Amino acid sequence: MSNNRSGLFFGGLMLGSAIGTLTGLLLAPRTGRETRQLLRKSASALPELAEDISTSVQMQADRLSANARTNWDETLDRLRDAIAAGIDASQRESQVLKRHNTEQNSDPVTPHLDS
């Protein structure tokens, strides 16, 4: 979970930096020509920034996917173990009931006579 939070933090940090830079450029006391030059430089950096954010998001998605697969596999293993234990318990109980029925059927029943 901390990897997910750190990736989101850095993505937000990069996005906030870009927004802050653009805002600062627009509000700075520079001439229009200087501001346009700075905006061109910033605009040329945007594709690299977008690529960095995309890479960060992809890495986080891969980590989450790997964690989900691991958790799923562990859950399936526990489920298989539980089903196997249930089948074993059911078979043992069935054998106990069969023995009990066999014992009852093999005991001689003495008839009760009414006098």
Side-chain angles (χ1 to χ4, degrees):
M1 286 285 176
S2 66
N3 288 337
N4 187 22
R5 289 183 183 168
S6 65
L8 291 174
F9 172 76
F10 286 118
L13 180 69
M14 291 160 67
L15 182 61
S17 296
I19 291 171
T21 300
L22 289 175
T23 302
L25 288 173
L26 292 173
L27 298 177
R30 291 194 172 90
T31 65
R33 177 181 232 173
E34 291 173 343
T35 302
R36 284 190 298 274
Q37 287 175 344
L38 287 173
L39 284 175
R40 273 189 229 112
K41 288 179 184 177
S42 296
S44 66
L46 283 178
E48 185 179 326
L49 177 64
E51 185 178 338
D52 290 345
I53 291 172
S54 174
T55 302
S56 176
V57 168
Q58 182 62 42
M59 288 171 51
Q60 291 301 321
D62 291 344
R63 285 186 193 132
L64 288 174
S65 176
N67 286 341
R69 268 186 257 129
T70 300
N71 289 340
W72 178 252
D73 290 342
E74 290 172 359
T75 300
L76 283 177
D77 288 342
R78 288 195 315 261
L79 182 59
R80 285 184 188 117
D81 292 344
I83 289 172
I87 289 171
D88 289 344
S90 176
Q91 288 173 345
R92 284 193 305 268
E93 186 65 25
S94 176
Q95 290 171 354
V96 167
L97 288 174
K98 284 179 185 178
R99 271 187 263 144
H100 184 2
N101 285 340
T102 303
E103 289 172 1
Q104 282 183 345
N105 290 338
S106 67
D107 285 342
V109 178
T110 50
H112 294 272
L113 298 173
D114 290 308
S115 330

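Heavy atoms only: backbone and side chains are in, while hydrogens, waters and symmetry mates are out. The chain is numbered in sequence order, starting from 1. Remember, it's a predicted structure, so these values are computed and weren't measured experimentally.
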A.B. asks: At their closest point, which heavy atom of Leu15 faces which heavy atom of Ile53, and how far apart are they?
C.D. replies: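 In this case the closest contact between Leu15 and Ile53 is N-CD1, 4.5 Å.
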A.B. asks: Hey, what do you get for CG (Leu76) to CG (Asp81), rounding to the nearest 0.5 Å?
C.D. replies: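 Reported to 0.5 Å precision, the distance equals 11.0 Å.
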A.B. asks: Is there a donor-acceptor pair under 3.5 Å between the side chain of Ser90 and the backbone N or O of Gly86?
C.D. replies: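 No, because the side chain of Ser90 does not come within donor-acceptor range (under 3.5 Å) of the backbone of Gly86.
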A.B. asks: With sequence neighbours left out, what residues match Arg33 under side-chain hydrogen bond (donor to acceptor under 3.5 Å, both in side chains)?
C.D. replies: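 side-chain hydrogen bond (donor to acceptor under 3.5 Å, both in side chains) list for Arg33, sorted by chain: empty.
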A.B. asks: Enter the distance from Gln58:CD to Glu51:CD here, rounded to the nearest 0.5 Å.
C.D. replies: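 Spacing of CD (Gln58) from CD (Glu51) equals 12.5 Å.
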A.B. asks: Does any non-hydrogen side-chain atom of Val96 lie less than 4.5 Å from one of Arg99?
C.D. replies: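 A side-chain contact exists here, since the closest heavy-atom pair is under 4.5 Å.
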A.B. asks: I'd like to know if the side chain of Ser56 reaches the main chain of Asp52, judged simply by a donor and an acceptor atom lying under 3.5 Å from each other, with no hydrogens or angles considered.
C.D. replies: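 Answer holds: no.
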A.B. asks: Between the main-chain N or O of Ala61 and the side-chain N or O of Ser65, is there a donor-acceptor pair closer than 3.5 Å?
C.D. replies: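 Checked: no pair found.
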A.B. asks: Asp73: what forms a salt bridge (charged side-chain N to carboxylate O under 4.0 Å, His left out) with it, not counting sequence neighbours?
C.D. replies: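 By the salt bridge (charged side-chain N to carboxylate O under 4.0 Å, His left out) rule, Asp73 matches no residue at all.
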A.B. asks: Do Phe9 and Leu49 share a hydrophobic cluster, counting only Ile, Leu, Val, Met, Phe, Trp and Tyr and linking them when any side-chain heavy atoms are less than 4.5 Å apart?
C.D. replies: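 Cluster IDs for Phe9 and Leu49 differ.
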A.B. asks: Nearest 0.5 angstrom please: Ile83 CD1 to Asp88 CG, how far?
C.D. replies: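 Output value for this atom pair is 12.0 Å.
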A.B. asks: List for me each residue that meets salt bridge (charged side-chain N to carboxylate O under 4.0 Å, His left out) alongside Arg78, sequence neighbours excluded, and say none if there are none.
C.D. replies: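 In terms of salt bridge (charged side-chain N to carboxylate O under 4.0 Å, His left out), with neighbours along the sequence ignored, Arg78 is linked to no residue.
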A.B. asks: According to a 4.5 Å side-chain heavy-atom criterion applied to Ile, Leu, Val, Met, Phe, Trp and Tyr, with indirect links allowed, do Val57 and Leu64 form part of one hydrophobic cluster?
C.D. replies: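 Each belongs to a different hydrophobic cluster.
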